[in-house]
Amino acid sequence: MKTQRDRGLFYQNFVLSLLESKQCVGWHWFKYIDNDPADTKADPSNQDSNKGIVSNRYEPYRPLLDLMKDLNVRAYTLVDYFDGRAVAGK
């Protein structure tokens, strides 16, 4: 993804498809922190990857985290919607 916002939108799209499928019992983000690009022991294809929710300097990727939170706080409401239990006005 080109931007952290793009990563967040991809996350939302992926999780929405999980919730809609009715086959998922949960999900998590695999990597908390990005790899250190100066780590010579890391796999070369992984040295400068952007997989975490924070940089290797512990700086949060705010656009990503904001979009993750927007979806996560609505997870149960979304499940109800996809299951046909959504209540009008809520």
Side-chain angles (χ1 to χ4, degrees):
M1 303 276 109
K2 289 185 177 190
T3 68
Q4 296 305 319
R5 183 175 189 281
D6 289 342
R7 290 178 74 207
L9 293 172
F10 186 86
Y11 173 87
Q12 286 186 343
N13 184 60
F14 181 75
V15 173
L16 285 170
S17 67
L18 291 176
L19 296 174
E20 187 176 18
S21 77
K22 299 179 177 93
Q23 303 298 315
C24 179
V25 295
W27 68 93
H28 74 278
W29 194 267
F30 176 70
K31 190 98 161 127
Y32 175 70
I33 189 169
D34 283 347
N35 293 336
D36 181 359
D39 181 3
T40 58
K41 295 178 184 174
D43 179 341
S45 66
N46 237 1
Q47 280 181 327
D48 197 17
S49 64
N50 180 219
K51 296 179 181 176
I53 58 174
V54 299
S55 74
N56 62 354
R57 294 185 182 103
Y58 295 94
E59 298 159 337
Y61 293 127
R62 188 56 45 205
L64 168 64
L65 291 170
D66 289 345
L67 288 165
M68 291 172 85
K69 181 179 178 181
D70 284 349
L71 187 130
N72 290 342
V73 299
R74 293 174 176 83
Y76 291 107
T77 304
L78 289 164
V79 167
D80 286 343
Y81 172 78
F82 289 127
D83 286 349
R85 294 188 305 244
V87 178
K90 286 193 175 186

Nearest heavy atoms of Ala75 and Trp27, plus distance in Å
CB-CH2, 4.1 Å
Would Asp83 and Arg85 pass as an ion pair if we require N to O under 4.0 Å?
yes
Steps toward side-chain contact (heavy atoms from CB on, under 4.5 Å) verdict (Tyr76, Tyr81):
CA-CA 9 Å; Tyr76 291 107; Tyr81 172 78; over 6 Å; no
Are a donor atom and an acceptor atom from the side chains of Asn72 and Tyr11 found within less than 3.5 Å of each other?
yes
Please work out whether the ring planes of His28 and Phe30 are parallel, tilted or perpendicular, with thresholds of 30° and 60°.
tilted
Calculate, to the nearest 0.5 Å, the distance between atoms CG and CZ belonging to Leu18 and Phe82 respectively.
10.5 Å
Can you tell me how far apart NZ (Lys69) and CZ (Arg62) are? Round to the nearest 0.5 Å.
8.5 Å
To the nearest 0.5 Å, tell me how far Arg74 CZ sits from Leu16 CG.
11.0 Å
For the pair Met68 and Trp29, evaluate side-chain contact (heavy atoms from CB on, under 4.5 Å) and give the outcome as yes or no after the intermediate values.
CA-CA 10 Å; Met68 291 172 85; Trp29 194 267; 3.5 Å; yes
Single-linkage hydrophobic cluster, 4.5 Å side-chain cutoff, Leu64 and Leu9 together
no
Do Leu65 and Phe14 share a hydrophobic cluster (ILVMFWY, side-chain heavy atoms under 4.5 Å, transitive)?
yes
Flag yes if Tyr61 and Leu71 sit in one hydrophobic cluster, no otherwise; membership is Ile, Leu, Val, Met, Phe, Trp, Tyr, and two members link when side-chain heavy atoms are under 4.5 Å apart.
yes
Assess the residue pair Arg7 and Asn50 against the criterion (side-chain contact (heavy atoms from CB on, under 4.5 Å)); give the C-alpha distance rounded to whole Å, side-chain angles, the decisive distance to 0.1 Å, and a yes or no.
CA-CA 10 Å; Arg7 290 178 74 207; Asn50 180 219; 3.2 Å; yes
Any luck finding a side-chain donor-acceptor pair between Asp6 and Thr3 under 3.5 Å?
yes
Using only heavy-atom distances, determine whether the side chains of Asp34 and Asn56 contain a donor-acceptor pair under 3.5 Å.
no
Measuring from Ser17:OG to Gln12:CD, what's the distance to the nearest 0.5 Å?
12.0 Å
CG-NZ distance between Asn35 and Lys41, expressed to the nearest 0.5 angstrom
14.5 Å
Does the side-chain contact (heavy atoms from CB on, under 4.5 Å) test come out yes or no for Leu19 and Val15, once each step is laid out?
CA-CA 6 Å; Leu19 296 174; Val15 173; 4.1 Å; yes
Does Val79 belong to the same Ile/Leu/Val/Met/Phe/Trp/Tyr cluster as Val73, with side-chain heavy atoms less than 4.5 Å apart forming each link?
no
